[in-house]
Amino acid sequence: MSSLAVRGGAPMHYRVLGPDTGGVSVADLRRLFRGQRLTMARRTRLEQESRILALCGKRVVGLAAYDRSDRELRVQEVGIDTSSDCAPTQIADGLLDALELGCVAGSVRRLVLPPRTGVFDDVLQRRGYTAIAQVATGTWYEKRFA
C-alpha cells in the first residue's frame with residue numbers, strides 16, 4: 001500500500017491479507033495484543049478473517065482483522081505494538097487510512113470499530129468517528145460514507 005518514513009528511518013508500509021494467506025506469528029500476536037488473552041479461538045479467527053498489517057521496516061507493528069458485508073466493514077480485532085520505532089498514533093492512522101480506503105473503493109457505507117481500541121479514542125474522534133455504544137470494555141465507533 002503506502003510507505004512513510006518514521007522516526008528511526010525505517011519505512012512504514014501496509015499489507016492487505018485475505019483469509020487464504022498465512023497467519024501472523026504467535027510472537028507477533030503476543031506483542032500486538034499485549035495484556036490480552038490469545039485463546040486458540042481468537043488466533044483462529046485472526047487467521048480466517050481478512051487483515052491489514054502495518055509494518056515498521058520488517059517488523060509487524062499493527063493489525064486490523066475485519067469482516068465485510070455488502071454495506072458494512074466491521075473490524076473485529078485491532079492490535080498495535082506500542083513499543084516499536086513507529087508511533088502508536090501513526091500506526092493507528094495508517095490502519096484507519098487503509099480501512100477507510102477499502103470502504104470507499106468497495107462502496108461500503110459504514111465502518112465499525114470495536115471497543116478495544118480505547119487507547120486511540122482521540123485518533124478516532126479527530127478522524128470523524130462517532131461513538132455508537134458504550135460497553136464495559138470501551139466504546140464502539142463508526143464512520144459512515146456517502
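Values in this document were obtained by computation on a predicted structure and should not be read as measured data.
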Trainee: Measure the spacing between CG of Leu96 and OG1 of Thr89 and express it to the nearest 0.5 Å.
Mentor: 11.0 Å
Trainee: Using the rule that Ile, Leu, Val, Met, Phe, Trp and Tyr join whenever any side-chain heavy atoms are under 4.5 Å apart, tell me whether Ile52 and Val78 fall into a single cluster.
Mentor: yes
Trainee: Are Leu124 and Tyr66 in one and the same hydrophobic cluster, where Ile, Leu, Val, Met, Phe, Trp and Tyr link if side-chain heavy atoms are under 4.5 Å apart?
Mentor: yes
Trainee: Restricting to non-hydrogen atoms, name the atom on Glu49 and the atom on Ala65 that form the minimum distance, rounded to 0.1 Å.
Mentor: OE1-CB, 3.3 Å
Trainee: Tell me whether Arg51 is salt-bridged to Glu77, with the criterion being a basic N under 4.0 Å from an acidic carboxylate O.
Mentor: no
Trainee: Can you list everything that forms a side-chain contact (heavy atoms from CB on, under 4.5 Å) with Ser83? Sequence neighbours excluded, please.
Mentor: Arg34, Arg59, Asp81
Trainee: Using the rule that Ile, Leu, Val, Met, Phe, Trp and Tyr join whenever any side-chain heavy atoms are under 4.5 Å apart, tell me whether Leu46 and Leu32 fall into a single cluster.
Mentor: yes
Trainee: side-chain contact (heavy atoms from CB on, under 4.5 Å) between Val61 and Asp85: does it pass, once the steps are laid out?
Mentor: CA-CA 9 Å; Val61 295; Asp85 286 341; over 6 Å; no
Trainee: Rounded at 0.5 Å granularity, tell me how far CZ in Arg43 sits from CZ in Arg37.
Mentor: 11.0 Å
Trainee: Could you state whether Phe145 and Ile132 fall into the same hydrophobic cluster, counting links through intermediate Ile, Leu, Val, Met, Phe, Trp or Tyr residues with side-chain heavy atoms under 4.5 angstrom apart?
Mentor: no
Trainee: Testing the basics here: between Asp28 and Val24, what is the closest heavy-atom pair and its distance to 0.1 Å?
Mentor: CB-CG1, 3.3 Å
Trainee: Nearest 0.5 Å, what's the CD-CZ distance between Gln76 and Arg42?
Mentor: 11.0 Å
Trainee: Does Val16 share a hydrophobic cluster with Leu63, counting links as ILVMFWY side-chain heavy atoms below 4.5 Å and allowing steps through other members?
Mentor: no
Trainee: Which heavy atom of Ala54 sits nearest a heavy atom of Tyr14, and at what distance?
Mentor: CB-CE2, 3.5 Å
Trainee: To the nearest 0.5 Å, how far apart are CG in Leu55 and CE in Met12?
Mentor: 8.5 Å
Trainee: Before accepting this row, confirm whether a basic side-chain N of the pair Asp93/Arg126 lies closer than 4.0 Å to the acidic partner's carboxylate O.
Mentor: yes
Trainee: Ignoring hydrogens and angles, write down the donor-acceptor pairs under 3.5 Å from the side chains of residues 99-112, residues two or more places apart or on other chains.
Mentor:
| unit_1 | atom_1 | unit_2 | atom_2 | d |
| --- | --- | --- | --- | --- |
| Glu100 | OE1 | Arg127 | NH2 | 3.0 |
| Glu100 | OE2 | Arg127 | NE | 3.4 |
| Glu100 | OE2 | Arg127 | NH2 | 3.3 |
| Glu100 | OE2 | Tyr129 | OH | 2.7 |
| Glu100 | OE2 | Lys143 | NZ | 3.4 |
| Arg110 | NE | Glu142 | OE1 | 2.5 |
| Arg110 | NH1 | Glu72 | OE1 | 2.6 |
| Arg110 | NH2 | Glu142 | OE1 | 3.1 |

Trainee: How close do Thr82 and Pro88 get, counting heavy atoms only, and between which atoms?
Mentor: CA-CG, 4.0 Å
Trainee: Rounded at 0.5 Å granularity, tell me how far OG1 in Thr139 sits from CD in Gln134.
Mentor: 4.0 Å
Trainee: Identify the heavy atoms of Ala64 and Val75 that sit nearest to each other, and give their distance.
Mentor: CB-CG1, 4.5 Å
Trainee: Could you go through Arg74 and Trp140, starting from their C-alpha distance and side-chain angles, then the distance that decides it, and tell me whether this counts as side-chain contact (heavy atoms from CB on, under 4.5 Å)?
Mentor: CA-CA 11 Å; Arg74 183 175 291 264; Trp140 282 89; 3.6 Å; yes
